[in-house]
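In each ligand, atom 1 is the first atom listed, and ligand 1 is the first ligand listed. All heavy atoms count here, side chains included; hydrogens, waters and symmetry mates do not. When a residue number appears, it is its place in the shown sequence, counting from 1.
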Amino acid sequence: MGGAHLQQPEPVRKIIHVDMDAFYASVEQRDNPDLRGKPVAVGGGEVRGVVAAASYEARKFGVHSAMASVTAKRKCPDLVFVKPRFEVYKAISQQIRQIFADYTPLIEPLSLDEAYLDVTENLKGIELATEIAEEIRARIKQTTGLTASAGVSYNKFLAKMASDQRKPDGLFVITPKNGPAFVEALPVKKFHGVGPATAEKMHRLGIETGTDLKAKPLPFLQQHFGKSGPYFWGIARGIDNRQVKPDRVRKSVGAEDTFRADIHLLEEALDNIDPLIDKVWRYCEGNGIRGRTVTVKIKFADFKQITRSRSTAMAIGSAEEVRDLCRMILLEQFPVEKGVRLLGVTLSSLEAGQPRQVQQFVLEL
Ligand SMILES: [Mg+2]
């Protein structure tokens, strides 16, 4: 017997991931009977608009969130666009968080409509996490008239994967016994934490499923995916030791990337900053937050770094505006004397999201 076997085993955690079904779209259908049974997209109907959420009727046509409105309309000509009402979504989000709080203080929201709960030690002394998940789903339905799906498992990654399995209005459990096999069968592009760019990179490396990922040694994953390497190595085995971190007030939302080869041209910088802008914007949209200040961080080949900011008078209303501000900042910095090894984008001066039209209206008075 090796020494490792003598260590005290960690107690198995009980994690629930709760996810409202087609949240914004379901709220709109709840509040407007005319929209029920119809393909609905919440979001901008304008030329550059993007779908923030799609009803299940719309999803049948291939419409999904983050899709350009024009594309969505082409896929589904009968699609009804509805303006988002973030104040309503936030109020409902508060209602569901109050329900969660009856069971545990360990609540980590991912967005307005999703949260992780650690119920290992829960306030009601309920033994089975599945029972808690069913109670929560029933209470959400009763309180809000909306359905939620839940995933129950022994870590965050698997709980998140599980909640997607029986959508809408479903529950799925992944036990320690069937966790590893569940991951092996899953396509990596479905993994939480594997975005489109990473999925594409994995595809090029011949990694399509959990089984493929598991076959790659840790040094290989670190070499190709940097600090995400150990995370990928773990989840391929159904291991994820990340704790459920209770909500904290965010002061800024940022993303950055270190490049494999240093960047010298403005065009390269613009290309490489794009995905970072999208990441930051998606987070802000998903959480109903708006910011007024964009900061770009540039780290040079010699590890010296600078940050430059631009602020707007009104909350920034689109990814395009963030892009414009980043572009202005980068234009001032290029051409560069030294190569750029890292770029970062941060949105700060955050506030709760408000419909932009209202703000403009007020200013025009
Ligand atoms: Mg959802």
Side-chain angles (χ1 to χ4, degrees), residues 15-31 35-36 38-43 50-67 72 79 82-100 107-117 132-153 156-174 186 189-196 244 247 253 278-279 281-289 353:
I15 312 292
I16 303 175
H17 178 253
V18 180
D19 187 7
M20 301 296 287
D21 301 319
F23 184 48
Y24 300 168
S26 301
V27 173
E28 297 309 326
Q29 289 180 318
R30 178 194 75 174
D31 293 350
L35 297 174
R36 290 179 201 160
K38 288 191 185 145
V40 174
V42 177
V50 166
V51 174
S55 72
Y56 284 96
E57 294 85 354
R59 291 180 191 195
K60 285 191 192 124
F61 291 85
V63 176
H64 57 76
S65 56
M67 179 179 271
L79 191 61
V82 183
K83 285 249 148 61
R85 296 180 299 153
F86 285 107
E87 292 313 308
V88 178
Y89 311 148
K90 289 183 77 170
I92 298 169
S93 189
Q94 282 307 315
Q95 287 181 303
I96 64 173
R97 279 181 203 173
Q98 253 162 34
I99 294 171
F100 299 158
I107 303 162
E108 181 182 340
L110 283 174
S111 61
L112 287 180
D113 79 315
E114 266 183 73
Y116 292 115
L117 282 64
I132 296 175
E134 284 297 34
E135 261 192 41
I136 287 174
R137 282 177 1 91
R139 286 183 60 191
I140 289 175
K141 183 81 188 285
Q142 196 180 25
T143 310
T144 69
L146 301 164
T147 63
S149 294
V152 179
S153 197
K156 284 161 78 170
F157 172 73
L158 288 171
K160 168 96 178 153
M161 293 292 96
S163 69
D164 227 20
Q165 294 295 307
R166 294 289 180 270
K167 266 187 167 292
D169 200 11
L171 176 126
F172 192 74
V173 182
I174 300 175
L186 212 62
K189 62 171 190 276
K190 294 249 165 111
F191 281 20
H192 182 58
V194 175
V244 172
D247 202 6
V253 178
D278 290 337
K279 207 169 179 179
W281 189 253
R282 264 202 308 275
Y283 184 92
C284 290
E285 272 210 324
N287 290 277
I289 10 187

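Excluding waters, the count of protein N/O/S atoms less than 2.8 Å from the Mg ion (ligand 1) comes to 3.
Under the ring pair (Phe, Tyr, Trp, His ring centres under 6.0 Å) criterion, F172 pairs with no residue, sequence neighbours left out.
Sorted pairs that involve residues 144-153 and meet salt bridge (Lys or Arg N to Asp or Glu O under 4.0 Å), not counting sequence neighbours, are lacking altogether. For residues 133-142, every residue pair satisfying the salt bridge (Lys or Arg N to Asp or Glu O under 4.0 Å) rule, not counting sequence neighbours, is listed here: D102-R139, E134-R137, R137-D169.
Of the residues L171, D164, D21, the one that meets the side chain to side chain contact (heavy atoms under 4.5 Å, CB included) test with S149 is D21.
Atoms NZ and SG, from K279 and C284 in turn, are 13.0 Å apart once rounded to the nearest 0.5 Å.
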Kindly indicate, with the supporting measurements, whether the criterion side chain to side chain contact (heavy atoms under 4.5 Å, CB included) is fulfilled by S55 and Q29.
CA-CA 8 Å; S55 72; Q29 289 180 318; 3.7 Å; yes

